[in-house]
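Structure first, then comments.
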Amino acid sequence: MRAFAMFMHKELRLQGDGEDVKDICTGTDRYCMFKTGPVLFISLSYGIGIPSISIMLHEFIKLLHHARCCDVIIIRIGTSGGIGIAPGSVVITDTAVDSFFQPRFEQVILDNVVTRSTELDKELAEELFNRSKEIPNFPTLIGHTMCQGRLDRALCSFSKEKKNIEMESTVFAAMCGVCVNLSHDVLMGYQQRLQLLISNFIKKQLGLCDQMS
């Protein structure tokens, strides 16, 4: 994520070389945070999927509230297992679904089952997709992302044949923005595609579209 922050520093043509970008959450092992211009980057060492990202999102949303931020766009980038698509394809999630293929996130709060929609911002997904068309050799599609459990738990009731697609999308979609995933097979090099796409989108939002790289 620091490398992404340095990349954005260059893309936004900020002063300096970006080498002084530092983790503003240093000293904690919960997550790393970097800020470049108006862009805030968070790298989460989660390990347990929904519980970890849920904690981070609650803390992050409260941080945004106390900082009086407005018109915030939250984008998750990460990896997922793709079905029937080429390795390295960028998948922009328009809807996150649970193991029953339903667009919902259920949570038990005290004695109530609270169900939230996991439909994502369709206009934002389309905007990202349109930006991807401007980048050569950039296989991109819009699709659903399934959120399932992990295979490395002490007690696991499903097998490798029931693929572990992704682990955080439903709670992320229930709480905030759009989810951008990279198929999991060949990461190095491919992961920069996500950064390039998000970079181009951010520059357009900031009115810097004439500085596309």
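Numbers for residues simply follow the sequence, beginning at 1.
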Return the [atom1] to [atom2] distance between [X] and [Y], rounded to the nearest 0.5 Å.
X	Y	atom1	atom2	answer
Ile74	Asp121	CD1	CG	11.5 Å
Asp17	His9	CG	NE2	7.5 Å
Leu40	Cys69	CG	SG	8.0 Å
Met33	Thr26	CE	OG1	12.5 Å
Ile73	Ile202	CD1	CD1	8.5 Å
Leu124	Thr93	CG	OG1	11.0 Å

Nearest heavy atoms of [X] and [Y], plus distance in Å:
X	Y	result
Leu197	Ser132	CD1-N, 3.7 Å
Val39	Phe41	CG1-CZ, 3.4 Å
Ala96	Ser169	CB-O, 3.5 Å
Leu120	Cys176	CD2-O, 4.3 Å
Pro38	Leu12	CD-CD1, 4.2 Å
Ala173	Thr118	CB-O, 3.5 Å

Heavy-atom side-chain proximity of [X] to [Y] below 4.5 angstrom:
X	Y	result
Ile142	Glu126	yes
Met1	Ile42	no
Thr36	Phe7	no
Thr115	Phe105	no

Residues in side-chain contact (heavy atoms from CB on, under 4.5 Å) contact with Lys122, at least two apart in sequence or another chain: Asp94, Thr95, Glu119
[atom1] ([X]) with more than 12 external heavy atoms under 6.0 Å:
X	atom1	answer
Glu123	CD	no
Lys10	NZ	no
Arg104	CZ	yes

Joint cluster assignment, Ile50 & Val114, ILVMFWY side-chain distance < 4.5 Å: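 No, because Ile50 and Val114 fall into different hydrophobic clusters, even though each may have its own neighbours under 4.5 Å.
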Linked, directly or transitively: Phe100 and Met146 (ILVMFWY side chains, under 4.5 Å):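 No, Phe100 does not connect to Met146 through the hydrophobic network.
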Ser54 side chain vs Pro51 backbone, donor-acceptor pair below 3.5 Å: no
N/O donor-acceptor pair under 3.5 Å between Arg2 side chain and Val21 backbone: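 Indeed, once roles are kept as given, a pair shorter than 3.5 Å links the two residues.
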Could you tabulate the donor-acceptor pairs under 3.5 Å formed by side-chain atoms of residues 55-66, not counting sequence neighbours?
unit_1, atom_1, unit_2, atom_2, d
Glu59, OE1, Arg30, NH2, 3.3
Glu59, OE1, Tyr31, OH, 2.6
Glu59, OE2, Arg30, NH2, 2.4

Residues Ile198, Leu128; criterion side-chain contact (heavy atoms from CB on, under 4.5 Å); working and verdict: CA-CA 8 Å; Ile198 302 305; Leu128 287 168; 4.1 Å; yes
Single hit among Arg131, Lys204, Glu11 for side chain to side chain donor-acceptor pair (under 3.5 Å) with Ser199: Glu11
Fellow cluster residues of Val113, listed by chain then number, with links counted only when side-chain atoms sit under 4.5 Å apart: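 When side chains under 4.5 Å apart are linked, the cluster holding Val113 also contains Val108.
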